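Report on one structure; see the data block that follows.
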Amino acid sequence: MIVTRVDKITRNVPTLFKTADRFPMPELPEVEVTRRGISPHITEQVIERVDVRTPMLRWPIPSGLSALVGGQRVTRVERRGKYLLIEVGAGWLIVHLGMTGTLRVLPRAALERLPDKHEHVDIVFGQTVLRFRDPRRFGAILWHARDAGDVADHPLLRALGVEPFSPDFTAQLMFDRTRGRSVAIKQALLAGDIVVGVGNIYASESLFRARIHPARAAGRIALSRYVALAEAIRDTLAEAIAKGGSTLRDFVSSDGSRGYFQLDYFVYDRAGEPCKVCGNAIRQIVQGQRSTFYCPHCQH
DNA sequence: AAGCTTTCCTGGATGC
DNA sequence: TGCATCCAGGAAAGCT
């Protein structure tokens with residue numbers, strides 16, 4: 001997509017310009033910023049109804065959702081990995097943004113205008129509307145009733161790795177969970193069963209900061225290097241969330257489509273450009289049908 | 001118009 | 001041999 005085209009055309013243009021109008025895939029920082037952006041506007045508010053215009057996202061939106069949550073008050077907005085959990089009395093709405101999903105808080109008057117064809121769902125409150133837009137429809141909106149038990153036991157959440165900011169996320173954990181495994185460390189990070197929230201962009205960035213080659217077998221990385229990697233992951237994600245925090249106001253807007261942000265990347269989307277540390281050309285390879293960027297001099 | 005994106009699922013391979 | 005785990009590849013949809 002744009003990555004390829006832009007990369008060819010603007011190879012030597014500063015990162016800021018190159019990525020200024022591009023919409024990054026939602027990874028953990030984007031989801032967390034979304035959570036912080038919408039939470040103050042919907043917590044303690046009563047859902048009036050849910051308008052579903054496109055029932056088929058990645059999975060079907062449960063039929064009768066409006067009846068299930070209508071009249072219920074939102075008590076909390078949490079996040080688990082890249083899943084947003086909107087809690088009401090009877091259970092949880094589980095929302096995933098997929099690749100192109102966004103949630104925005106709009107004034108209720110927005111209901112009077114025709115939504116565009118990608119604006120699939122409106123969660124309608126008294127004064128506002130939480131609108132889900134997702135052109136590629138890889139996102140999801142699901143329902144987990146309280147009767148069915150804790151939402152953490154939902155099939156999609158049960159097998160997720162630890163949260164990167166929890167005390168459980170340690171170098172020792174990464175080390176233990178990768179012994180004997182031949183999978184490339186980049187792939188192991190993306191799999192999300194050790195630590196959640198590290199997507200394609202932040203995997204490349206974190207590995208650069210930890211000076212680890214993305215194709216290195218996860219089982220052949222020493223504990224001391226996982227110490228660096230765990231720290232790099234936390235730092236990278238925290239920085240991205242901090243940058244996103246400055247754009248929170250964009251979540252409440254009648255027409256703004258921004259709301260995300262751009263970290264200054266060391267390697268991501270910089271194929272052929274000089275490494276910001278050593279000056280050698282950044283390389284691009286494909287792992288598991290996805291692009292990886294790294295510095296052949298700094299990373300081993 | 002083929003490549004790019006995320007995640008879950010499938011099925012073959014591997015290991016105890 | 002059987003069961004569990006690992007890991008590569010495929011699918012979904014829209015954009016350029």
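Chain letters run A, B, ... following the sequence lines, proteins first and then strands; every chain starts at 1. Predicted model only: the values in this text are computed from it and were never measured.
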Carboxylate-amine/guanidinium contact A:Asp134 A:Arg136, below 4.0 Å: no
Sugar-phosphate only, base, or nothing, as touched by A:Arg181 at under 4.0 Å among non-hydrogen atoms: sugar-phosphate
Contact under 4.0 Å: A:His118 side-chain N or O vs C:dC15 OP1/OP2: yes
Pair A:Glu239 + A:Arg209: basic N to acidic O under 4.0 Å: yes
Check: B:dT6 base within 3.5 Å donor-acceptor of A:Arg290 side chain: no
Contact under 4.0 Å: A:Ser291 side-chain N or O vs B:dC4 OP1/OP2: no
Whole-Å distance separating the CG atom of A:Asp134 from the C1' atom of C:dA12: 12 Å
Of A:Lys117 and A:Arg58, the one whose closest DNA chain C nucleotide lies more 5': A:Arg58
Distance in angstrom units between A:Leu157 CG and B:dT7 C1', rounded: 13 Å
side-chain N/O A:His96 vs B:dT6 OP1/OP2, d < 4.0 Å: no
side-chain N/O A:Lys82 vs B:dT6 OP1/OP2, d < 4.0 Å: no
A:Thr100 side chain near B:dT5 phosphate (N/O to OP1/OP2, under 4.0 Å): no
Touch class at under 4.0 angstrom, heavy-atom based, for A:Leu190 against every strand present: nothing
Nucleotide B:dC4, atom P - distance to CD of A:Gln287 in whole Å: 14 Å
Between P of B:dC4 and CD of A:Gln289, the distance in whole Å: 10 Å
Among C:dC7, C:dA13, C:dA8, the nucleotide that comes nearest once only the side chain of A:Arg137 is considered: C:dA13
A:Phe138 ring over C:dA13 six-membered base ring, under 5.5 Å and 30°: no
Separation of atom OH in A:Tyr83 from atom C1' in B:dT7, rounded to whole Å: 7 Å
Value in whole Å for how far the P atom of C:dC6 lies from CG of A:Asp193: 8 Å
Ring pair (Phe, Tyr, Trp, His ring centres under 6.0 Å) partners for A:His213, two or more places apart: A:Tyr294
Whole-Å distance separating the OH atom of A:Tyr202 from the C1' atom of B:dT5: 15 Å
A:Glu48 (side chain) donor-acceptor with A:Val124 (main chain) under 3.5 angstrom: no
Distance, rounded to the nearest Å, where A:Asp269 contributes CG and B:dC4 contributes C1': 11 Å
Distance-only donor-acceptor test, A:Arg136 side-chain atoms vs B:dT5 base atoms, 3.5 Å: yes
Check: A:Ile42 and A:Phe125 side chains under 4.5 Å, non-hydrogen atoms: yes
